[in-house]
Amino acid sequence: METFMLDRQDLPSFLAACEKHRRVHVPVEEAPDHFIFKPLAEATDQPVALHYLRTALPPKKYFFPAEEVLYRFDADGYHPQQPDLPPMILFGLHPCDLHGLDVLDHFFSRDYPDRTYHSRRQQAWLIGLGCMPDEHCFCQSQGTEHVDGLYDLFLWDLGPQFYVMVRTEAGHDMLHMARALFKPVSQANQQAYLALLKKRRQAFTLHMPVADLPQVLEVKQDCAVWDKIGETCFTCGACSMVCPTCTCYDMLDRMDLSGQCGERCRKWSSCLFRDFDRGAGDHHFRRDRGDRVKNRYYHKEHGYVNGFGKPSCTGCGRCITACPAGIDVISVFTKVRRACGGEEEVVS
Amino acid sequence: MNDPLQPLTAMLVSRELLTEDTALFQLALADSRGVGPNGMNHKPGQFVMLSVLGAGEAPFSICHAASDVPILQLCIRRVGRLTERLFELPTGSKLGLRGPYGNGFPLERMVGQELLLVAGGLGMAPLRSVLQAVMAQRDRYRRVVLAYGFRHKDEMLFGPELIALGETGHLELHFAVDHPMADQPFTAMHGHVGQLVESLTLDAAETTVALCGPPVMYKGTAQMLREKGVWPQKTFMTFERRMSCGIGQCGHCTIGYRYSCKDGPVFSAWEARGLREAWEQEAYNDASQ
Ligand SMILES: Cc1cc2nc3c(=O)[nH]c(=O)nc-3n(C[C@H](O)[C@H](O)[C@H](O)COP(=O)(O)OP(=O)(O)OC[C@H]3O[C@@H](n4cnc5c(N)ncnc54)[C@H](O)[C@@H]3O)c2cc1C
Ligand code: SF4
Ligand code: SF4
Ligand code: FES
């Protein structure tokens with residue numbers, strides 16, 4: 001891996017140089033404390049939000065959009081629609097979101113690679129951006145605090161300068177879009193980078209012990225806590241929509257007015273929705289809200305670990321800030337441990 | 001890239017009513033490449049995703065054993081939006097078809113065993129494909145028993161076919177009905193299929209079971225089979241969940257960390273131990289079969 005320094009005031013020039021080759025998308029503060037990824041070209045009077053921590057929607061929105069038309073159908077059959085995402089650079093991904101994309105990449109490539117996901121994903125180059133955790137971040141607990149190999153280029157914010165890591169050929173290509181801006185790294189720069197990592201490591205205030213969670217959950221499947229949590233959950237599904245690794249979807253056929261043709265769409269769904277598991281004869285396997293809440297959390301820290309070898313929660317904290325009922329993943333698991341007489345795990 | 005979500009075109013060749021609300025549909029692929037839209041032969045217990053223009057898509061079990069004829073047979077009950085449309089379509093109509101999906105029943109593991117097929121209601125549909133495959137190679141299996149429960153004589157699926165098979169001596173038939181009728185052309189126990197299975201004498205240690213029916217029949221029947229001495233590794237059941245993709249993506253069919261579309265729909269009682277939602281919890285709603 002190659003490393004370089006980039007002066008803080010040169011970042012806009014670098015992004016502008018990139019924009020000449022590919023559309024660049026950046027995080028901006030759309031409203032106070034409301035961050036979104038947005039095309040640089042449309043953010044003319046908005047600065048890149050280098051201080052942001054979590055965008056409202058994770059980067060999955062680019063590759064697995066909230067709604068997409070997969071096919072147009074008519075009497076001749078189902079005609080695949082091509083996604084229209086042009087080659088792009090997604091700037092400013094924090095480690096948790098890079099891990100989130102890694103989960104999605106893997107999920108959508110297993111037995112049957114997903115056509116539209118991959119055609120979009122292959123169009124994107126990723127630039128990571130280091131961050132300082134707030135009180136809702138727990139990526140350190142989830143083991144997604146650092147990334148290796150999931151980005152093309154990565155910037156650590158050292159204040160006056162960025163410490164830049166070039167990981168892939170695409171990263172090298174981006175560097176060369178404005179090669180003159182990138183300076184050599186001194187020993188003092190390296191020390192500043194390591195000091196930043198140390199400061200960041202110590203800045204985490206939220207901790208959730210997860211290593212034994214699959215075992216704890218396995219033993220404690222029957223737990224009254226889930227019904228209690230279910231009583232407060234609105235089953236609005238917000239937690240799934242904002243989650244970088246939630247992938248559940250519905251298929252929807254929409255007829256045109258002619259009644260002769262139409263389109264088949266794929267839409268985000270959520271296992272919290274009442275109809276999610278409704279089968280023939282109005283049979284439900286998770287009729288109670290508590291069962292559905294439990295299903296989501298089990299999927300993240302138990303089921304996914306069993307099936308895929310790691311949790312599907314990146315610790316980004318989005319579901320904590322998005323939940324209108326104030327249900328948060330940390331206290332959920334703390335309550336489960338506690339209610340079942342398990343040893344108290346502290347959340348400091 | 002091969003796109004598993006894209007339906008290919010099939011044609012409705014015929015529809016034959018089997019009961020008041022259930023019919024046998026025969027479909028042909030537009031390009032007559034063979035059974036199954038991928039041109040492959042399917043395994044008994046696998047299913048296809050069937051699309052009706054504008055009405056959507058739903059999973060249906062393939063209800064016959066693989067053959068060289070490029071025809072697909074599905075036994076479908078009229079229960080809602082999509083199936084209503086299916087029952088109205090004129091023959092010759094075009095349909096979307098993809099698959100076959102799912103793991104199917106492990107027939108190889110049944111060789112040399114006594115076979116017990118347990119069907120409840122529409123569960124006869126996928127088991128018919130098992131039965132046909134077994135009958136095609138009858139000498140590889142020992143005793144073959146079908147225990148089939150349904151509401152009353154008019155709800156029986158494939159009756160003449162089954163009775164004819166019984167008469168050859170290759171298949172031992174046992175029926176259970178909820179509502180006995182005087183003019184039944186067969187003898188049947190009055191009760192549900194679980195009670196019927198309980199009354200059977202089995203060489204338990206040498207028996208493999210294939211079970212398919214409404215969710216309510218699973219727990220009790222599997223438990224009772226276990227008590228009779230049938231190994232949970234040899235009790236195979238289909239867990240049919242709502243499905244939107246059929247390929248392990250949409251999440252609708254998950255039971256714990258397993259996808260019933262991809263890892264199933266057939267699971268052994270042994271595999272299903274940890275899948276509590278599958279059957280260890282009481283079914284919430286006595287779904288009609
Ligand atoms: C593996 C598998 C095999 C099946 N095999 C058969 C078969 O051989 N014959 C048969 O008649 N039926 C079978 N079913 C059930 C059949 O798929 C449903 O009855 C069918 O979806 C009903 O569609 P509908 O639109 O007419 O019903 P509605 O009740 O109007 O359903 C509306 C929508 O709800 C969803 N839905 C409701 N019930 C189910 C369900 N059980 N599974 C999946 N989605 C559901 C679908 O999206 C459906 O389009 C099978 C189901 C599965 C999972
Ligand atoms: S965001 Fe909160 S209230 Fe909404 S479904 Fe998720 S847990 Fe329930
Ligand atoms: S479960 Fe919550 S904290 Fe974990 S990745 Fe999803 S949104 Fe982030
Ligand atoms: S049907 Fe979509 S995951 Fe199984």
Side-chain angles (χ1 to χ4, degrees), chain A residues 70-71 73-80 107-108 110-119 218 221-222 246-256 259-262 264 266 269-271 275-288 291 295 298-299 302-308, chain B residues 1-10 30 49 51-58 77 79-80 82-83 93-94 96 98 101 122 214-216 239-259 262-263 274 276-278 280-281 283-289:
Chain A
L70 290 180
Y71 310 97
F73 57 75
D74 55 29
D76 292 331
Y78 292 76
H79 315 289
F107 185 81
F108 281 119
R110 292 172 301 140
D111 318 67
Y112 301 96
D114 190 72
R115 178 178 62 90
T116 59
Y117 178 85
H118 287 289
S119 88
E218 175 68 33
Q221 299 218 15
D222 297 310
C246 274
T247 44
C248 288
Y249 63 76
D250 280 330
M251 291 287 211
L252 187 74
D253 280 7
R254 254 194 228 115
M255 281 305 247
D256 291 355
Q260 303 301 311
C261 52
R264 172 164 293 175
R266 161 156 91 178
S269 187
S270 167
C271 60
D275 257 7
F276 189 78
D277 66 332
R278 191 181 69 84
D282 205 23
H283 188 90
H284 283 265
F285 296 92
R286 295 187 290 269
R287 183 179 291 276
D288 296 337
D291 287 329
N295 181 66
Y298 260 79
H299 177 78
H302 179 267
Y304 209 85
V305 182
N306 274 286
F308 297 85
Chain B
M1 200 186 299
N2 201 357
D3 180 2
L5 293 177
Q6 184 181 1
L8 302 180
T9 304
M49 296 295 289
S51 293
V52 181
L53 217 63
E57 193 177 38
R77 176 166 293 173
V79 293
L82 180 138
T83 46
S93 298
K94 284 181 182 164
R98 58 192 181 91
Y101 296 127
L122 199 52
V216 283
F239 288 130
E240 296 186 352
R241 291 298 191 270
R242 175 174 180 167
M243 293 182 181
S244 286
C245 71
I247 58 168
Q249 279 188 353
C250 73
H252 283 285
C253 75
T254 51
I255 311 174
Y257 63 98
R258 308 300 296 274
Y259 293 87
K262 189 171 75 73
D263 305 321
R276 295 162 43 99
E277 277 178 21
E280 289 180 20
Q281 290 173 349
Y284 288 107
N285 181 0
D286 292 13
S288 57
Q289 302 183 347

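A, B, ... follow the sequence lines: proteins, then strands. Residue 1 opens every chain.
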- prompt: Is it true that a side-chain atom of B:H252 and a backbone atom of A:C271 form a donor plus acceptor pair closer than 3.5 Å?
  reply: no
field: Results of side-chain contact (heavy atoms from CB on, under 4.5 Å) for A:D76 - residues two or more places apart only
entry: A:D74, A:H79, B:K94
message: Please classify the contact between B:T83 and chain A as side chain, backbone, both or neither, with a heavy-atom cut-off of under 4.5 Å.
response: neither
field: A:D250, part contacting chain B, at a heavy-atom distance under 4.5 Å
entry: both
task: With sequence neighbours excluded, tell me which residues meet side-chain contact (heavy atoms from CB on, under 4.5 Å) with B:Y257.
output: A:N306
- line: Looking only at A:R264, A:H299, A:H302, the option with the highest number of non-hydrogen pairs under 4.5 Å against chain B is A:R264
- prompt: Looking at B:P7, B:G80, B:G248, B:S244, which has the largest count of heavy-atom pairs under 4.5 Å with chain A?
  reply: B:P7
query: What are the two closest non-hydrogen atoms of A:D275 and B:R242, and how far apart are they?
result: O-NH1, 2.8 Å
query: Relative to the ring of B:Y259, is the ring of A:F107 parallel (under 30°), tilted (30 to 60°) or perpendicular (over 60°)?
result: tilted
- line: Checked A:D253, A:V305, A:L252 vs chain B; the most non-hydrogen pairs under 4.5 Å come from A:D253
message: For A:M251, which atoms come within 4.5 Å of any heavy atom of chain B: side chain, backbone, both, or neither?
response: both
- request: Against chain B, label A:R266 side chain, backbone, both or neither, depending on which of its atoms sit under 4.5 Å from a heavy atom there.
  value: side chain
- prompt: Do you know the tightest heavy-atom contact between B:L53 and A:F73?
  reply: CD1-CD1, 3.4 Å
message: Quick check: closest heavy atoms across B:Q6 and A:P80, and the distance to 0.1 Å?
response: NE2-CD, 3.4 Å
message: With heavy-atom distances below 4.5 Å as the criterion, would you say the side chains of B:L5 and A:Y78 are in contact?
response: no
message: Working to the nearest 0.5 angstrom, can you tell me the gap between A:T116 OG1 and B:D3 CG?
response: 8.0 Å
- line: For A:F276 and B:G251 the tightest heavy-atom approach is CE2-O, 3.4 Å
- request: Counting only heavy atoms closer than 4.5 Å, note whether B:E240 contacts chain A via side chain, backbone, both or neither.
  value: backbone
